[in-house]
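Structure, as structure tokens:
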Amino acid sequence: MFVKTNGWTSVSNAPLDLIAANLRRERDRTGMSLTEVARKAGIAKSTLSQLESGAGNPSVETLWALGVALGVPFSRLVEPAVPRVQVIRAGEGPVIHSERAHYSATLLAACRPGTKHDIYWLTLEPGGARESEPHVPGSVEHMIVASGRCLAGLADDPVELGPGDYIVYPGDLPHICKALEPGTTAMMVMEHTV
């Protein structure tokens with residue numbers, strides 16, 4: 001939430017440690033020094049150093065300038081980290097209904113820019129798990145179970161899923177898929193950078 005104090009717009013209820021971690025992550029991603037980012041953002045190096053250590057009270061303008069300097073949207077600096085593995089159970093998630101038909105859509109995941117998608121229909125039967133080695137860096141796997149039950153996700157922490165459940169996990173880490181019932185089927189979308 002943003003509030004006005006003494007004529008300046010500032011960030012409130014956005015944990016400073018979260019902003020600090022996001023600033024460090026994005027600066028590390030770009031490979032720029034504190035000096036380079038501060039210069040591009042038009043702020044003092046000491047200000048950026050304080051923000052990266054979780055001190056100070058950044059204004060919206062300062063965070064906007066830092067986002068521009070780092071080449072990321074403002075929201076990337078204040079949003080919480082997305083967990084490595086996400087599960088959306090059947091019936092959960094934001095649903096949008098049609099006014100003219102018996103149709104509804106639930107957004108499970110938005111595509112990242114510069115990605116390619118391969119779509120697979122999986123048929124699984126009980127027995128050994130399908131153990132997958134890591135795919136190319138940046139790979140992400142999305143799966144929706146259509147029928148039956150299975151264990152899927154990261155090899156060291158798979159999740160039990162049933163019909164309608166959705167999971168997303170890094171495909172560039174060891175992962176598994178194992179049917180828990182006969183006739184298990186699922187839709188798999190593999191996302192990787194182009």
Side-chain angles (χ1 to χ4, degrees), residues 15 17-32 52 54 67 70-73 75-97 102-194:
D17 57 339
L18 174 66
I19 292 170
N22 290 345
L23 282 169
R24 286 190 306 272
R25 178 195 68 225
E26 293 303 324
R27 190 169 62 79
D28 288 347
R29 178 190 56 79
T30 65
M32 288 192 284
E52 283 195 7
L70 293 165
V72 297
S75 61
R76 180 103 32 103
L77 300 179
V78 295
E79 67 187 355
V82 175
R84 286 192 325 172
V85 175
Q86 293 176 287
V87 176
I88 298 176
R89 298 290 180 189
E92 293 180 353
V95 179
I96 301 168
H97 300 279
H102 295 287
Y103 176 92
S104 62
T106 302
L107 175 64
L108 300 176
C111 296
R112 297 178 299 156
T115 59
K116 180 179 176 185
H117 296 84
D118 300 321
I119 301 172
Y120 301 91
W121 180 252
L122 306 178
T123 55
L124 312 161
E125 295 298 331
R130 166 69 172 106
E131 298 175 1
S132 297
E133 293 298 316
H135 302 309
V136 296
S139 296
V140 176
E141 291 192 3
H142 303 260
M143 188 171 82
I144 301 170
V145 176
S147 63
R149 290 182 318 111
C150 66
L151 276 177
L154 297 179
D156 61 355
D157 192 23
V159 178
E160 185 173 331
L161 304 165
D165 288 345
Y166 163 80
I167 186 171
V168 58
Y169 51 87
D172 56 3
L173 295 174
H175 50 282
I176 69 164
C177 188
K178 178 181 180 175
L180 300 175
E181 288 182 6
T184 298
T185 59
M187 176 71 70
M188 166 76 68
V189 176
M190 183 180 294
E191 172 186 330
H192 45 94
T193 55
V194 180

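Applying the salt bridge (Lys or Arg N to Asp or Glu O under 4.0 Å) test to every pair with at least one member in residues 165-177, sequence neighbours left out, gives these pairs: R89-D165. For residues 119-138, the set of pairs meeting the salt bridge (Lys or Arg N to Asp or Glu O under 4.0 Å) definition, not counting sequence neighbours, is empty. Applying the salt bridge (Lys or Arg N to Asp or Glu O under 4.0 Å) rule to pairs touching residues 139-148 yields nothing, sequence neighbours excluded.
Side chains of V78 and L18 form no contact here, defined as non-hydrogen atoms less than 4.5 Å apart. Looking at heavy atoms from C-beta onward, M188 lies out of side-chain contact with C177 at the 4.5 angstrom threshold. For the pair V85/L154, a side-chain contact is recorded, criterion being any heavy-atom separation below 4.5 Å from C-beta on.
Residues meeting the side-chain hydrogen bond (donor to acceptor under 3.5 Å, both in side chains) test with S147, sequence neighbours left out: T185. Under the side-chain hydrogen bond (donor to acceptor under 3.5 Å, both in side chains) criterion, D118 pairs with H192, not counting sequence neighbours. Checked against side-chain contact (heavy atoms from CB on, under 4.5 Å), V168 has the following partners two or more places apart in sequence or in another chain: Q86, V140, H142, Y166. Scored by the side-chain contact (heavy atoms from CB on, under 4.5 Å) test, P134 finds P174 as partners (sequence neighbours excluded). Residues that satisfy the salt bridge (charged side-chain N to carboxylate O under 4.0 Å, His left out) test with R29, not counting sequence neighbours, are E26. For the salt bridge (charged side-chain N to carboxylate O under 4.0 Å, His left out) test, no residue two or more places apart in sequence or in another chain qualifies with R24. Legend: residues meeting salt bridge (charged side-chain N to carboxylate O under 4.0 Å, His left out) with E160, ordered by chain and number and at least two apart, are R149. Applying the salt bridge (charged side-chain N to carboxylate O under 4.0 Å, His left out) test to E52 and every residue at least two apart in sequence or in another chain returns R27.
Taking every heavy atom of both residues into account, V145 and G148 meet most closely at CG1-O, 3.8 Å. Here the shortest heavy-atom pairing between H175 and P170 reads ND1-O, 4.3 Å. Contact detail for P163 and A90: the closest heavy-atom pair is O-CB, 3.4 Å. In this structure, G153 and I167 approach most closely via the heavy-atom pair CA-CD1, 4.1 Å. The two atoms that bring A152 and L161 nearest to each other are CB-CD1, 4.0 Å, heavy atoms only.
With values rounded to the nearest 0.5 angstrom, M32 atom CE is found 3.5 Å from T30 atom OG1. Summarising the geometry, atom OG belonging to S132 is positioned 7.0 Å from atom CE belonging to M190; distances are rounded to the nearest 0.5 Å. D28 contributes atom CG, which lies 10.0 Å from atom CG of L70 (distance to the nearest 0.5 angstrom). One distance of note links NZ of K178 with SG of C150; it measures 11.5 Å at 0.5 Å rounding.
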Problem set entry | Check against side chain to side chain contact (heavy atoms under 4.5 Å, CB included), D156 and L173 | CA-CA 10 Å; D156 61 355; L173 295 174; over 6 Å; no
Exercise. For Y120 and M187, what are the C-alpha separation, side-chain angles and deciding distance, and is it a side chain to side chain contact (heavy atoms under 4.5 Å, CB included)?
Worked result: CA-CA 6 Å; Y120 301 91; M187 176 71 70; over 6 Å; no
